[in-house]
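Position 1 is the first residue of the sequence, and the numbers go up from there. Values reported hereafter were calculated over all heavy atoms of this structure, with side chains retained and with hydrogens, waters and symmetry mates removed.
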Amino acid sequence: MMDNSKMLREIAFSLPEVTEEPHFEKTSFRVNKKIFATVVAEQNRATVKLTPEEQDIFCTFDNKVIYPVPNKWGKQGWTHINLLLVQANMLTEILKTAYCGIAPKHLAAQITFKED
């Protein structure tokens with residue numbers, strides 16, 4: 001089984017102008033100094049910033065894999081991802097979605113999504 005926190009890092013760095021910085025006890029991935037994802041590797045968990053609508057869509061997949069943060073942050077769209085269970089293609093689409101939500105328009109416009 002691949003180390004999914006390593007896979008997440010590879011996906012994040014495939015997006016334009018992403019930086020990695022510490023954020024409290026987590027590792028954060030940012031664009032334009034704004035966080036779109038964090039990882040706590042020891043807990044095999046990532047957290048991404050989605051809109052509440054995007055969160056609803058992704059969370060219908062499987063609430064063991066992707067689910068809202070269980071507090072006020074979750075109501076704002078912050079969403080946990082179980083890195084032990086998520087598939088690479090889903091993780092890629094979730095990270096791209098989170099990235100596009102905060103990236104400057106000229107960077108977000110460079111991102112392509114998988115067609116259904």
Side-chain angles (χ1 to χ4, degrees):
M1 177 172 169
M2 184 175 179
D3 176 352
N4 283 353
S5 60
K6 186 175 170 187
M7 180 175 62
L8 182 143
R9 172 181 272 124
E10 289 172 9
I11 296 165
F13 281 126
S14 74
L15 303 169
E17 298 183 25
V18 168
T19 61
E20 179 180 340
E21 299 174 37
H23 180 67
F24 300 100
E25 74 286 355
K26 303 173 178 92
T27 300
S28 71
F29 295 92
R30 304 170 187 234
V31 61
N32 208 27
K33 298 183 180 168
K34 295 180 183 170
I35 296 173
F36 69 93
T38 63
V39 176
V40 181
E42 304 78 44
Q43 296 177 12
N44 295 299
R45 187 179 71 216
T47 305
V48 294
K49 174 69 168 118
L50 302 173
T51 66
E53 296 78 22
E54 292 163 346
Q55 183 187 67
D56 285 348
I57 292 165
F58 280 114
C59 289
T60 60
F61 170 71
D62 182 340
N63 66 7
K64 289 184 223 50
V65 177
I66 181 166
Y67 51 96
V69 172
N71 59 29
K72 67 178 182 169
W73 294 101
K75 291 180 178 30
Q76 296 173 23
W78 287 97
T79 307
H80 286 323
I81 303 165
N82 182 329
L83 293 175
L84 293 176
L85 299 176
V86 69
Q87 297 294 311
N89 58 348
M90 176 169 269
L91 183 59
T92 299
E93 297 306 299
I94 294 167
L95 286 175
K96 286 179 178 180
T97 301
Y99 173 90
C100 287
I102 64 154
K105 286 187 178 18
H106 73 281
L107 295 178
Q110 298 175 37
I111 306 304
T112 56
F113 289 87
K114 193 177 78 176
E115 299 294 322
D116 285 337

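When every heavy atom of L8 is checked against every heavy atom of A46, the shortest pair comes out as CD1-CB, 3.5 Å. Among all heavy-atom pairs drawn from K34 and I102, the shortest one is O-CD1, 3.0 Å. Of all heavy-atom pairs spanning P104 and N32, the tightest one is CG-ND2, 3.8 Å. Between A98 and V48 the shortest heavy-atom distance is CB-CB, 3.9 Å. Annotation for Y67 and T79: closest pair O-CG2, 3.4 Å, computed over non-hydrogen atoms. When all heavy atoms are compared, the tightest approach of F13 to V18 is CE2-O, 3.6 Å.
If you take CZ on F61 and CD on E93, they are separated by 12.5 Å, rounding to the nearest 0.5 Å. In this structure, CG in L15 is found 10.0 Å from CG in L107, a value given to the nearest 0.5 Å. Here NE2 of H106 is found 5.0 Å from CD of E17. Values are rounded to the nearest 0.5 Å. Here E21 contributes atom CD and T38 contributes atom OG1; the two are 13.0 Å apart, rounded to the nearest 0.5 Å. Here the CD1 atom belonging to I35 is positioned 4.5 Å from the OG atom belonging to S28, to the nearest 0.5 angstrom. Atom CG of L85 is separated from atom CG of D62 by 7.5 Å, given to the nearest 0.5 angstrom.
With K49 contributing its side chain and Q76 its backbone, the two residues share a donor-acceptor pair below 3.5 Å. Side-chain N or O atoms of Y99 include one that pairs as donor or acceptor with a backbone N or O of P16 at under 3.5 Å. Distance alone, capped at 3.5 Å, places no donor-acceptor pair between the E20 side chain and the T27 backbone.
At least one side-chain heavy atom of F36 sits less than 4.5 Å from a side-chain heavy atom of L95. When side chains are defined from C-beta on, I57 does not count as touching T97, because their heavy atoms never get closer than 4.5 Å. Contact annotation: the side chain of W78 never approaches that of N71 to less than 4.5 Å [non-hydrogen atoms, C-beta and beyond]. At least one side-chain heavy atom of F29 sits under 4.5 Å from a side-chain heavy atom of V39.
Screening I94, V86, N82 for a side chain to side chain contact (heavy atoms under 4.5 Å, CB included) involving I66 leaves a single residue, I94.
Within 6.0 Å of CZ in F24 there are 12 or fewer heavy atoms belonging to other residues, nucleotides or ligands.
By the side-chain hydrogen bond (donor to acceptor under 3.5 Å, both in side chains) test, T47 pairs with H80, sequence neighbours left out.
Under the 4.5 Å side-chain heavy-atom criterion for grouping Ile, Leu, Val, Met, Phe, Trp and Tyr, M7 is connected to I111 within one hydrophobic cluster.
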